[in-house]
Peer 1: 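One structure is given below, represented as structure tokens, and several questions about it will come after.
In listed order, ligands and their atoms are each counted from 1.
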Amino acid sequence: MSKIIAVVGATGAQGGGLVRSILADPSSGFTARALTRKASGDKADALRKLGAEVVAADLDDPASLEQAFAGCYGAYCVTNYWEHFKPEKELSQATNMAQAAKSAKLEHVVWSTLEDTRRRVPLSDARMPTLMGKYKVPHFDAKGEADAAFASAGVPTTYLLTSFYWDNFIYFGMGPKRGADGRFALTLPMGEAPLSGIAAEDIGKCAYGIFRQGRKWIGQRVGIAGDHVTGRQMALDMSKALGQPVNYVAVDFDTYRGFGFPGADDLGNMFQYYVEFEKEFAGARSLETSRALNPALLSFEAWLSKYAHLIPLQ
Ligand SMILES: NC(=O)c1ccc[n+]([C@@H]2O[C@H](COP(=O)([O-])OP(=O)(O)OC[C@H]3O[C@@H](n4cnc5c(N)ncnc54)[C@H](OP(=O)(O)O)[C@@H]3O)[C@@H](O)[C@H]2O)c1
């Protein structure tokens with residue numbers, strides 16, 4: 001009997017990477033159950049064609065999650081903050097997943113989380129603004145707060161600390177932009193600190209390694225990254241990969257927070273946290289551990305050689 005892993009976010013970056021890893025390894029003893037709200041959509045069809053079982057479920061509908069988790073060995077749990085920008089919704093969706101995992105008596109859950117930055121930067125700390133009344137980095141803090149939902153439900157959980165996706169340079173509008181001088185600039189408020197980053201597809205591959213290695217990871221916090229690279233070095237690497245010069249422009253945190261796009265203040269605080277807690281943040285994301293979980297892990301240069309052609313230059 002193969003062990004079924006229910007994969008939340010299967011039509012997305014993290015969960016998709018996990019589904020593809022499971023299906024690429026048919027002798028592993030695992031099979032993938034892909035959860036989506038759009039079971040008849042194109043992305044669900046593509047997963048079916050690869051061999052996944054597709055099941056309709058909504059993180060806001062606890063009964064649908066209970067049904068989707070029933071009969072499974074494990075689950076990959078992820079929330080998508082950027083769909084709604086509501087930390088409380090992430091918390092409630094994570095709680096729904098933890099409760100459904102408990103009801104289904106799952107043996108291993110991997111919860112895709114991030115640090116609750118308020119542990120190091122309490123709300124009273126004025127170095128960065130408090131957002132939405134009770135967060136410093138809303139899309140981090142609610143995930144970190146939700147760790148307790150899994151722990152208190154007694155669910156055998158691995159807490160997977162993910163990293164900045166380099167794919168943000170392709171899909172999230174963070175790539176190099178042409179400046180007034182006509183040259184491309186990579187703008188990040190990172191000073192000379194390294195950014196812990198990863199290919200989004202590698203998150204699912206690392207999660208697969210965690211399920212394969214099994215029990216040793218239960219109750220553990222494991223951070224993953226493909227590389228820790230400064231903005232200056234990333235710009236140099238991009239210059240080589242794109243065949244045109246990219247300057248690194250290190251703006252300050254306030255400037256970044258003031259850029260005005262949705263979530264700029266949240267991301268500005270996040271970058272400040274990366275820089276001011278560089279040792280703790282990068283230190284929690286060992287490249288050695290990440291590579292042991294996923295031997296195909298891409299470095300930033302390797303990621304560029306595969307994907308630089310997709311970075312929109314405008
Ligand atoms: N971008 C980064 O650098 C970065 C780094 C670390 C962590 N993260 C975190 O990654 C998370 C997003 O993960 P991702 O990038 O893999 O997402 P994604 O590619 O944007 O896809 C979102 C996935 O979430 C599923 N989903 C969303 N709401 C759902 C609901 N109510 N019920 C069921 N499924 C739902 C979607 O499924 P359907 O639409 O098919 O239902 C889809 O599969 C965010 O919370 C973000 O904070 C991002």
Peer 1: Can you pull out every salt bridge (Lys or Arg N to Asp or Glu O under 4.0 Å) where at least one residue sits in residues 269-281? Sequence neighbours excluded, please.
Peer 2: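 Residue pairs with at least one partner in residues 269-281: R127-E276.
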Peer 1: Looking only at protein heavy atoms, identify the closest one to atom 23 (C) of ligand 1 and say how far it is in Å.
Peer 2: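 The answer is G9 CA, 3.8 Å.
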Peer 1: Can you see whether E201 engages Y307 through a side-chain donor-acceptor pair at a distance of less than 3.5 angstrom?
Peer 2: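 Absent: no donor and acceptor within the cut-off.
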Peer 1: Considering Q14, R37, K143, which one's heavy-atom position lies nearest to atom 16 (O) of ligand 1?
Peer 2: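 Comparing heavy atoms across Q14, R37, K143, the nearest one to atom 16 (O) of ligand 1 lies in Q14.
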Peer 1: What atoms of ligand 1 come closer than 4.0 angstrom to any heavy atom of T79?
Peer 2: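 Near T79, meaning under 4.0 Å from one of its heavy atoms, ligand 1 has 11 (C), 12 (C), 44 (C), 45 (O).
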Peer 1: For atom 7 (C) of ligand 1, which protein heavy atom lies nearest, and how many Å away is it?
Peer 2: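 Answer, as residue, atom name and distance: T162 OG1, 3.3 Å.
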Peer 1: With respect to atom 20 (O) of ligand 1, which of V7, L59, D58, N80 exhibits the smallest heavy-atom separation?
Peer 2: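 Nearest heavy atom to atom 20 (O) of ligand 1 lies in N80.
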Peer 1: My understanding is that we take every heavy atom of each candidate and find the minimum distance to atom 3 (O) of ligand 1. Doing that for N168, V54, T36, I198, which one comes out nearest?
Peer 2: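 Comparing heavy atoms across N168, V54, T36, I198, the nearest one to atom 3 (O) of ligand 1 lies in N168.
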Peer 1: Within the 4.0 Å heavy-atom shell around H139, which atoms of ligand 1 are there?
Peer 2: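 This gives 47 (O) as the contact atoms.
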Peer 1: With a 4.0 Å cut-off on heavy atoms, is S163 touching ligand 1?
Peer 2: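 It does, in that a heavy atom of S163 comes within the 4.0 Å cut-off of ligand 1.
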Peer 1: From atom 8 (N) of ligand 1, work out which of F172, F169, W166, Y165 has a heavy atom at the shortest distance.
Peer 2: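 It is Y165 that holds the nearest heavy atom.
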Peer 1: Does F281 have R285 sitting over its ring (NZ/CZ under 6.0 Å from centre, angle to axis within 45°)?
Peer 2: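 Judged by the rule (NZ or CZ under 6.0 Å from the ring centre, within 45° of its axis), R285 counts as positioned above F281.
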Peer 1: With hydrophobic residues grouped by side-chain heavy-atom distances under 4.5 Å, do V7 and Y165 end up in a single group?
Peer 2: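 Yes.
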Peer 1: Looking at V8, V155, L35, which one forms a side chain to side chain contact (heavy atoms under 4.5 Å, CB included) with M97?
Peer 2: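 Going through the options one by one, the only one that passes is V8.
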Peer 1: Any donor-acceptor pair under 3.5 Å linking the side-chain atoms of Q272 with those of R257?
Peer 2: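 Checked: R257/Q272 side chains pair up, N/O donor to acceptor below 3.5 Å.
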Peer 1: Who are the side chain to side chain donor-acceptor pair (under 3.5 Å) partners of Y159, not counting sequence neighbours?
Peer 2: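 Checked Y159 against side chain to side chain donor-acceptor pair (under 3.5 Å); zero matches.
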Peer 1: How close does the nearest protein non-hydrogen atom get to atom 42 (C) of ligand 1, and which residue and atom is it?
Peer 2: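 Protein heavy atom with the smallest distance to atom 42 (C) of ligand 1: T11 OG1, 3.3 Å.
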Peer 1: Step through it carefully: locate the ring centre of F271, locate the ring centre of Y274, and say whether they are under 6.0 Å apart.
Peer 2: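 Yes: the rings meet the under 6.0 Å criterion.
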Peer 1: Closest non-hydrogen protein atom to atom 19 (O) of ligand 1, residue and atom name please, with distance?
Peer 2: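 Ranking protein heavy atoms by distance from atom 19 (O) of ligand 1, first comes A13 N, 2.8 Å.
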Peer 1: Give a yes/no on ligand 1: does W82 have at least one heavy atom closer than 4.0 angstrom to it?
Peer 2: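 Contact present.
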Peer 1: Judged by modelled atom types alone, do K136 and T130 share a side-chain donor-acceptor pair under 3.5 Å?
Peer 2: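 Yes, side-chain donor-acceptor contact under 3.5 Å.
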Peer 1: Identify the protein heavy atom lying closest to atom 21 (O) of ligand 1, giving its residue, its atom name and the separation to 0.1 Å.
Peer 2: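 The closest one turns out to be G12 CA, 3.4 Å.
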Peer 1: Within the 4.0 Å heavy-atom shell around Q93, which atoms of ligand 1 are there?
Peer 2: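 Per the distance check, 31 (N).
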Peer 1: If we ignore hydrogens and angles and just use 3.5 Å, is the side chain of D202 paired with the main-chain N or O of K205 as donor and acceptor?
Peer 2: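 Such a contact is absent between D202 side chain and K205 backbone.
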Peer 1: Do any nitrogen or oxygen atoms of G15 come within less than 3.5 Å of a nitrogen or oxygen of ligand 1?
Peer 2: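 It does not: no N or O of G15 is found under 3.5 Å from an N or O of ligand 1.
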Peer 1: Show the atoms of ligand 1 that are less than 4.0 angstrom away from any heavy atom in F164.
Peer 2: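 With F164 as reference, the close atoms of ligand 1 come out as 3 (O).
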Peer 1: Verify whether one side chain among T117 and D141 offers a donor that lies under 3.5 Å from an acceptor in the other.
Peer 2: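 Result is yes, a qualifying pair exists.
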Peer 1: Could you tell me, atom by atom, which parts of ligand 1 come under 4.0 Å of a heavy atom of E90?
Peer 2: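 Near E90, meaning under 4.0 Å from one of its heavy atoms, ligand 1 has 45 (O).
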Peer 1: When you look at W217 and F211, which way does the ring-ring contact (aromatic ring centres under 6.0 Å, His included) test go after all the steps?
Peer 2: CA-CA 8 Å; W217 290 110; F211 282 117; over 10 Å; no
Peer 1: I need the contact type for A44 against ligand 1. Using non-hydrogen atoms and a strict under-4.0 Å cut-off, is it side chain, backbone, both or neither?
Peer 2: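 Within the 4.0 Å criterion, A44 makes no contact with ligand 1.
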Peer 1: Please list, in number order, the atoms of ligand 1 under 4.0 Å from a heavy atom of E83.
Peer 2: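 Listed by number with element, the hits are 27 (C), 28 (N).
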